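One structure is given below, encoded as structure tokens.
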Amino acid sequence: MPELPEVELVKRDLEKIVGFEIIDYELSDYVLNGHKGNKRTIVKQSLQEFNRVQYSTIYSLGRRGKYMYFSLRKELSDFNLVAHLGMSGAFFIVNNLDEITEKNFKKHWQVIFRLSNGQILVYSDIRRFGEMRIVDSIEGFKPIAEMAPEYTEPSARAHFINTLKSGRYDESFIKPIIMDARILPGVGNIYASEALYISHILPTKRVKNISRERLSNLFDAIIEVFELSLSYGGSTISDYRSVTGGSGEMQNKFKVYGLKTCSEGHELKTKVMSGRNTYYCTKCQR
DNA sequence: AGCACGCTCCGGGCGC
DNA sequence: TGCGCCCGGAGCGTG
């Protein structure tokens with residue numbers, strides 16, 4: 001389940017294809033025709049629009065929250081291929097499909113881009129929750145247009161605290177709300193539990209009952225978790241893989257997620273909040 | 001209008 | 001061996 005650090009690591013891995021041209025591409029039957037009478041997956045806009053990638057050159061890569069994008073140039077026009085990895089998306093840069101050693105990722109390829117250096121860029125997605133879309137402007141793409149500043153921006157902390165303290169979220173539980181990209185982009189289910197544990201805040205606490213100082217500590221904790229994850233190569237739960245097929249070690253650093261006891265030895269509680277599993281310690285968190 | 005909430009997409013992995 | 005259930009990011013429909 002890629003969150004911001006995993007997406008950032010994928011983006012960094014993909015830097016090596018900057019400068020190459022996309023000669024052509026192939027879409028899986030799931031992408032072309034959907035599955036069992038359902039709508040098409042991954043590429044949800046018109047295939048004609050998607051076809052703009054052909055003969056374009058990748059001139060840079062970017063990321064906002066959990067979205068990454070390839071900035072493309074063709075003749076005199078610039079546009080972007082935005083990608084969201086969903087639950088189980090992964091990119092591979094290989095010479096052919098057989099070089100993808102994990103069989104589920106090989107089996108569930110969705111888009112294959114053939115590059116001008118002879119390699120292929122493969123987007124695989126087992127559960128097909130991911131998305132790829134051509135947009136002219138990144139800033140004009142709605143989810144990004146509405147997104148809060150990146151955690152690395154100087155304004156991010158004030159935006160985080162002030163938005164939470166605007167009154168609009170007074171009755172919300174803190175845990176689901178920090179996963180909202182309009183508050184702070186890139187926090188998913190796992191790192192939400194981790195950051196709340198580190199900042200000693202109960203996930204079931206209502207926003208109105210958390211001081212600005214504690215929210216500031218929570219912001220610090222989220223950044224701490226992001227940076228730690230980046231340094232450990234991300235989390236590999238089941239479906240996240242780096243571009244080269246490697247896996248991260250952050251899952252071994254979890255303090256609460258998926259665990260029975262916290263680092264202090266207290267028994268952990270779990271609760272489903274907004275449909276998602278949440279881990280917390282009633283002794284360490286208030 | 002704008003918001004909160006629940007449903008939906010999906011296959012691997014697990015328990016029974 | 002097979003069946004039912006669980007998991008979750010984010011868009012969408014509903015109230």
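Heavy atoms only: backbone and side chains are in, while hydrogens, waters and symmetry mates are out. Protein chains get the first letters and strands the later ones, always in sequence-line order, with residue 1 at the start of each. Quick caveat: nothing in here was measured; it's all calculated off a predicted structure.
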Inset, instruction - Report the hydrophobic cluster partners of A:M147, with the cluster defined as I, L, V, M, F, W, Y residues connected by side-chain heavy atoms closer than 4.5 angstrom, directly or transitively. - result: A:Y67, A:Y69, A:V82, A:V135, A:I138, A:F141, A:I144
Legend entry - Other cluster members, A:L202 - Ile/Leu/Val/Met/Phe/Trp/Tyr, side-chain contacts below 4.5 Å: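 Same cluster as A:L202: A:Y280.
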Inset, instruction - Report yes if a side-chain nitrogen or oxygen of A:N277 is closer than 4.0 Å to either non-bridging phosphate oxygen (OP1 or OP2) of C:dC7; otherwise report no. - result: yes
Euclidean distance, atom [atom1] of residue [X] to atom [atom2] of [N] [Å, nearest integer]:
X      : N      : atom1 : atom2 : value
A:Y169 : B:dG2  : OH    : C1'   : 11 Å
A:L85  : B:dC10 : CG    : P     : 19 Å
A:D125 : B:dC9  : CG    : P     : 16 Å
A:E171 : B:dC3  : CD    : P     : 16 Å
A:K107 : B:dG13 : NZ    : P     : 10 Å
A:D29  : B:dC10 : CG    : P     : 13 Å
A:D180 : B:dG2  : CG    : C1'   : 14 Å

Inset, instruction - Could you tell me whether A:D98 and A:K106 have a side-chain N and a carboxylate O separated by less than 4.0 Å? - result: yes
Going by atom type alone, with no hydrogens or angles, which donor-acceptor pairs under 3.5 Å involve a side-chain atom of residues 219-226 of chain A and a protein atom two or more places apart or on another chain?
unit_1	atom_1	unit_2	atom_2	d
A:D220	OD1	A:R157	NH1	3.0
A:D220	OD1	A:R157	NH2	2.8

Legend entry - Sequence-aligned protein contact record of nucleotides 9-15 of chain C, with B where the base is within under 4.0 Å of a protein heavy atom and S where only the sugar-phosphate is: BBS----
Please enumerate all residues that pass side chain to side chain donor-acceptor pair (under 3.5 Å) together with [X], with sequence neighbours excluded.
X      : result
A:H159 : A:T163
A:E49  : A:R52
A:S116 : none
A:Q45  : none

Inset, instruction - Compute the bend angle of the helix from B:dC3-C:dG15 to B:dC16-C:dG2 from the end axes (five pairs per end), rounded to 10°. - result: 50°
Legend entry - Sugar-phosphate, base or nothing in reach of A:K142, heavy atoms under 4.0 Å: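 Counting heavy atoms under 4.0 Å across all strands, no contact is made by A:K142.
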Inset, instruction - Assign A:Y191 to base, sugar-phosphate, or nothing according to its heavy-atom contacts below 4.0 angstrom with the strands shown. - result: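 A:Y191: no heavy atom of the nucleic acid under 4.0 Å.
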Inset, instruction - Take the angle between the ring planes of A:F113 and A:Y25 and call it parallel below 30°, perpendicular above 60°, tilted in between. - result: tilted
